[in-house]
Colleague: 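Have a look at this one.
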Amino acid sequence: MDHSISEDSRIDRRALVAASITVVLWASAFVSIRGVADHFSPGALALGRLLTGSVIMGALLLIKGIGFPPREAWRGILISGVFWFGLYMVALNWGEQMVDAGTAAMVVNVGPVVIAILGGWLLREGFPRMVLIGMAISFAGAIVVGISSSGGGNSSLGGVLLCLLAAVTYGIGVVGQKPALRHASALQVTAFGCFTGTAVCLPFAGQLVSQVSQAPLSATLNILYLGAFPTALAFTTWAYALARTTAGKLGATTYAVPALVVAMSWVLLGEVPAWLAVVGGALCLGGVAVSRLSGRAATPARTSTGTSDSPVTDSGPDAGRSAEPSATATATATATANSTPSATSTGSATSD
């Protein structure tokens, strides 16, 4: 008995360390994107990051001897690849050319509410009252962030709208990806989603080549960092943690991302969001927290009716086949998305 408790405690500590690595790397992505905004256009930056991530994940597939996912998984992979890896990254990069990193992180964090709404509509998981209330609070917060631009703050209304677009495409990608995990492993769905996003961004190849030749070495290294660490490594550590705790507990750690982004951007970039943007960002995060109340309260009822709402407990090759949480639970494990969102990061299937 005591041995079992000791082992569980050791597993929880390892999961906490892995989750902490993920959160820090995802937070750093917002700052890195902002740091290279003067040297790379949104599409070129997205392509460079995705190419780096694709090379690394492709190597992992070869090393592990994992082949193509089954045909049934491809629809979800393509949806997540186009919307989450492709359009999300371009929209976020574009938005961060107009708003500071901290403001972007706060606005993008309405993504979990978007996921819950889309899940209720497309996956017929219903519209719990607290999810609707949380959505209203979050979008009110986004409006406040936008209004901050009229007071001389760092925020631009256009940039806020682009970050909201990023949150929506992130939500579409997560909900579209969810069914794919019944048929393919998390690594397959993530890697081939990244490959798809790379293909979507190939029209920006000319810009990337031209801008790499003119950009300072530090900016180019920043792109490699984005692909290798917030994209590839962060989702690996997230999968490790997810296999050792529940999606709900793990997802709560991502609420720390905006605060970390604000601190990092202040130290590294000398940027601090306007006070009104901070108020709006707090409303955004508060709305996400309110939407989570319905997930915790409704779980027993869903279980009694036979609807699976269990968190994924395994992130190995068969993860996602054993259990499929609802969109609300999915949203918990995917809060933030800058980290390029991946199959692993969603709990059922992940950021930025």
Colleague: From Q188 CD over to H183 NE2, what is the distance, rounded to the nearest 0.5 angstrom?
Modeller: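 Rounded to the nearest 0.5 Å, the CD-NE2 separation comes out at 12.0 Å.
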
Colleague: Side chain to side chain contact (heavy atoms under 4.5 Å, CB included) with I172: which residues, sequence neighbours excluded?
Modeller: I79, F83, L118, V168

Colleague: Supply the atom-to-atom distance C163 SG to E96 CD, rounded to the nearest 0.5 angstrom.
Modeller: 6.5 Å

Colleague: Applying side chain to side chain contact (heavy atoms under 4.5 Å, CB included) to W266 and D100, what does each step give before you reach the verdict?
Modeller: CA-CA 10 Å; W266 176 45; D100 60 84; over 6 Å; no

Colleague: Has the side chain of T22 got a donor or acceptor atom that lies under 3.5 Å from a matching backbone atom of A234?
Modeller: yes

Colleague: Can you see which heavy atom on S80 is nearest to which on G193, and at what distance?
Modeller: OG-CA, 4.4 Å

Colleague: List for me each residue that meets ring-ring contact (aromatic ring centres under 6.0 Å, His included) alongside F204, sequence neighbours excluded, and say none if there are none.
Modeller: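 F204 satisfies ring-ring contact (aromatic ring centres under 6.0 Å, His included) with no residue once adjacent residues are dropped.
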
Colleague: Which heavy-atom pair separates A215 from A219 by the least distance, and what is that distance?
Modeller: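 Smallest interatomic distance, heavy atoms only, reads CB-CB, 4.2 Å.
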
Colleague: Is it possible for you to say whether F30 and L161 belong to one hydrophobic cluster, with membership spreading through side-chain heavy-atom contacts below 4.5 Å?
Modeller: yes

Colleague: Residues in side chain to side chain contact (heavy atoms under 4.5 Å, CB included) with A46, at least two apart?
Modeller: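 Once residues adjacent in sequence are excluded, the partners of A46 under the side chain to side chain contact (heavy atoms under 4.5 Å, CB included) criterion are M89, V90, N93, C201.
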
Colleague: Linking I/L/V/M/F/W/Y whenever their side-chain heavy atoms sit closer than 4.5 Å, directly or via other members, would L268 and L226 fall into one cluster?
Modeller: yes

Colleague: With side chain to side chain contact (heavy atoms under 4.5 Å, CB included) as the criterion, how do L50 and F85 come out once you've worked through the C-alpha distance, each side chain's angles and the decisive distance to 0.1 Å?
Modeller: CA-CA 8 Å; L50 288 168; F85 288 89; 3.9 Å; yes

Colleague: Using a 4.5 Å cut-off on heavy atoms from C-beta on, say whether the side chain of R75 contacts that of P179.
Modeller: no

Colleague: Got a second to check how far F68's CZ is from L61's CG, nearest 0.5 Å?
Modeller: 9.5 Å

Colleague: Considering residues at least two apart in sequence or located in another chain, which fulfil the side chain to side chain contact (heavy atoms under 4.5 Å, CB included) criterion with A37?
Modeller: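 Partners of A37 by the side chain to side chain contact (heavy atoms under 4.5 Å, CB included) criterion, ordered by chain and then number, come out as Q97.
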
Colleague: Under 3.5 Å, is there a donor-acceptor pair between the side chain of T231 and the main chain of A228?
Modeller: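 Checked: no pair found.
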
Colleague: Suppose we screen for side-chain hydrogen bond (donor to acceptor under 3.5 Å, both in side chains). Which residues come up paired with S54, at least two apart in sequence or across chains?
Modeller: T198

Colleague: Which heavy atom of M98 sits nearest a heavy atom of G158, and at what distance?
Modeller: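 Residues M98 and G158, closest heavy atoms: SD-C, 3.8 Å.
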
Colleague: Test side chain to side chain contact (heavy atoms under 4.5 Å, CB included) on L92 and L165 and set out the steps.
Modeller: CA-CA 8 Å; L92 177 62; L165 175 61; over 6 Å; no

Colleague: Who else is in the cluster with L217 when I, L, V, M, F, W and Y are joined by side-chain contacts under 4.5 Å?
Modeller: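 Members besides L217, by chain and number: L221, L224.
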
Colleague: Under 3.5 Å, side chain of T103 to main-chain N/O of V99, donor-acceptor pair present?
Modeller: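 Checked: no pair found.
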
Colleague: How would you list all residue pairs meeting side-chain hydrogen bond (donor to acceptor under 3.5 Å, both in side chains) that involve residues 201-211, not counting sequence neighbours?
Modeller: S41-Q207, S41-Q211

Colleague: For a quick check under 3.5 Å, do S265 and R34 share a side-chain donor-acceptor pair by atom type?
Modeller: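 No, no side-chain donor-acceptor contact under 3.5 Å.
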
Colleague: Are I77 and M57 linked, directly or through other ILVMFWY residues, by side chains that come within less than 4.5 angstrom of each other?
Modeller: no

Colleague: How would you list, by chain and number, every residue that makes a ring-ring contact (aromatic ring centres under 6.0 Å, His included) with F40, sequence neighbours excluded?
Modeller: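 Here no residue qualifies.
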
Colleague: Nearest heavy-atom pair of I56 and G227: which atoms, and what distance?
Modeller: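 In this case the closest contact between I56 and G227 is CD1-O, 4.3 Å.
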
Colleague: Rounded to the nearest 0.5 Å, what separation is found between the CG atom of L208 and the CD1 atom of I223?
Modeller: 6.0 Å

Colleague: Verify whether one side chain among Y225 and T52 offers a donor that lies under 3.5 Å from an acceptor in the other.
Modeller: no

Colleague: By side-chain hydrogen bond (donor to acceptor under 3.5 Å, both in side chains), which residues pair with S32, not counting sequence neighbours?
Modeller: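 Expected list: N222.
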
Colleague: If hydrophobic clusters are built from ILVMFWY residues whose side chains come within less than 4.5 Å, do L233 and V17 share one?
Modeller: yes

Colleague: Please check if L269 and V267 belong to a single hydrophobic cluster, counting links between Ile, Leu, Val, Met, Phe, Trp and Tyr side chain heavy atoms closer than 4.5 Å.
Modeller: yes

Colleague: What closest approach, in Å, do A29 and P230 show between heavy atoms, and which atom pair accounts for it?
Modeller: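 The pair with the smallest heavy-atom distance is CB-CB, 3.7 Å.
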
Colleague: Which residues satisfy the ring-ring contact (aromatic ring centres under 6.0 Å, His included) test with W74, sequence neighbours excluded?
Modeller: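 Result, ring-ring contact (aromatic ring centres under 6.0 Å, His included) vs W74: F192.
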
